[in-house]
Each structure stands twice: as C-alpha cells, then as structure tokens.
Amino acid sequence: MSNWTVSLSAGVGTMLAITALALIGHHNQEYWLLMAAFGASCVLIFAVPDSPLAKARNVIAGHSITAVVGVVFVTFIPVNALSLGLATGLAVMLMVLSKTVHPPAGANPLFIMLTGKSWGFLLFPVLTGAICLVLLGRVYHLVRMR
C-alpha cells in the first residue's frame, strides 16, 4: 500500500472511531467514552495495527492498569511533583511487567491526578472506551480489507 493510502486509512479510521465514541457517549454536554489518550491510541490502532503496542490486550489492559494507578494515587496520596512522577513510573513499570505496554496509556496517571478523577472514571471512559476503540478498530480493518 502507498503511504497516501495508509495515511488516508489511518485518518479515516481515527475520525470514525472518535466520532462513534463521542456519539455513543454523549450525554448532558459530556462525552463519557472519550479521553485525550484515546486520540493517541488511535495512532497505533489505525496507523500501525500490526504493532504489538496496538494489540487489544495492550490497549485495554494498558489503559486500565495505568488508570487504576492514577485513581489510587489521587485517592490516597497528595498530588505533588513526586507523587506525579511515582504514579507515572509505577504505571509504566506495571505495563512492562504485565506485557501490556501501550504508550498512550502512560498519560493516564497524570491526567487522572491533575483533574481529580474518581473510581467511576475506571469504567467510563477508561475500560468501556478502550474496549469500544479496539472493537471499532477491528471492524474497520476487517471492512477495509474487503
């Protein structure tokens, strides 16, 4: 495939996935299936789908693990420069140990701690959004191959 074809496909796939998550999760001026890191996840899912970093396991578990770390830290530890660094370092370490490295998920502890997200954030948007994103990516690539 040409670079133009790959580029266009990645852009269209990303646009469709983010639009779908926004439409599905729109309620009272909130988009409860979206978070900024999902834009970065789309780069891997749609531009380099064969990358180990774009595997469903990595996307879903990577986001989930790092989000749990962020919520645990924001719940029990005061947010400061050290706790932000510790949480992010621990999240990366856990992704590496569990073999679920997904670089966009590395942003989750920082975002969660800086915005004061709570336990509900783990289900919506993190887990539900990541699962939807993976499913949308799979469907898109299956349809595109036909």
Side-chain angles (χ1 to χ4, degrees), residues 1 3 6-27 29-142 144-145:
M1 258 191 277
N3 190 40
V6 171
S7 301
L8 180 62
S9 177
V12 169
T14 297
M15 182 272 302
L16 291 172
I18 295 298
T19 300
L21 289 180
L23 289 171
I24 295 166
H26 184 256
H27 178 70
Q29 302 301 315
E30 291 187 30
Y31 297 93
W32 52 271
L33 285 181
L34 286 177
M35 60 182 189
F38 286 166
S41 293
C42 284
V43 174
L44 293 168
I45 293 169
F46 294 101
V48 286
D50 295 328
S51 166
L53 304 175
K55 287 181 184 176
R57 169 186 158 92
N58 293 53
V59 175
I60 296 165
H63 277 298
S64 297
I65 289 167
T66 60
V68 167
V69 171
V71 173
V72 166
F73 268 73
V74 79
T75 301
F76 298 108
I77 299 170
V79 176
N80 57 47
L82 181 59
S83 66
L84 288 164
L86 282 171
T88 306
L90 177 61
V92 170
M93 182 187 85
L94 291 174
M95 282 194 294
V96 172
L97 281 172
S98 63
K99 296 180 172 75
T100 58
V101 173
H102 184 66
N108 291 342
L110 293 171
F111 175 75
I112 289 166
M113 292 172 70
L114 292 173
T115 60
K117 298 297 182 192
S118 62
W119 295 100
F121 192 76
L122 298 176
L123 186 56
F124 297 105
V126 177
L127 180 61
T128 306
I131 290 169
C132 287
L133 201 55
V134 165
L135 291 174
L136 290 165
R138 290 241 169 111
V139 168
Y140 179 77
H141 289 298
L142 284 173
R144 191 178 63 93
M145 292 302 196

Closer than 3.5 angstrom, by distance alone: can the side chain of [X] be matched with the main-chain N or O of [Y] as a donor-acceptor pair?
| X | Y | answer |
| --- | --- | --- |
| Asn58 | Leu53 | no |
| Trp32 | Phe124 | no |
| His141 | Ile45 | yes |
| Thr66 | Gly106 | no |

For a side-chain contact (heavy atoms from CB on, under 4.5 Å) with Val72, tell me which candidate from Val68, Val74, Val69, Thr75 qualifies. Val68
Determine the sole option in Asn108, Leu114, Thr115 for which the side-chain contact (heavy atoms from CB on, under 4.5 Å) test with Phe111 is passed. Thr115
Distance from [X] atom [atom1] to [Y] atom [atom2], nearest 0.5 Å?
| X | Y | atom1 | atom2 | answer |
| --- | --- | --- | --- | --- |
| Phe76 | Ser83 | CZ | OG | 14.0 Å |
| Leu127 | Leu33 | CG | CG | 10.5 Å |
| Ile18 | Leu133 | CD1 | CG | 6.0 Å |
| Tyr140 | Met15 | OH | CE | 8.5 Å |
| Leu90 | Met95 | CG | CE | 10.5 Å |
| Leu21 | Leu136 | CG | CG | 6.0 Å |

Side chain to side chain contact (heavy atoms under 4.5 Å, CB included) between Val43 and Thr14, worked out: CA-CA 7 Å; Val43 174; Thr14 297; over 6 Å; no
Shortest non-hydrogen contact from Asn80 toward Leu82: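 Heavy atoms only, the tightest pair is OD1-N, 3.0 Å.
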Considering non-hydrogen atoms only, spot the tightest contact between Val71 and Ser118 and give its length.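 Closest approach of Val71 to Ser118, heavy atoms only: CG2-O, 3.8 Å.
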In terms of heavy-atom contacts, does CZ of Arg144 have more than 12 from other residues, nucleotides or ligands at under 6.0 Å? yes
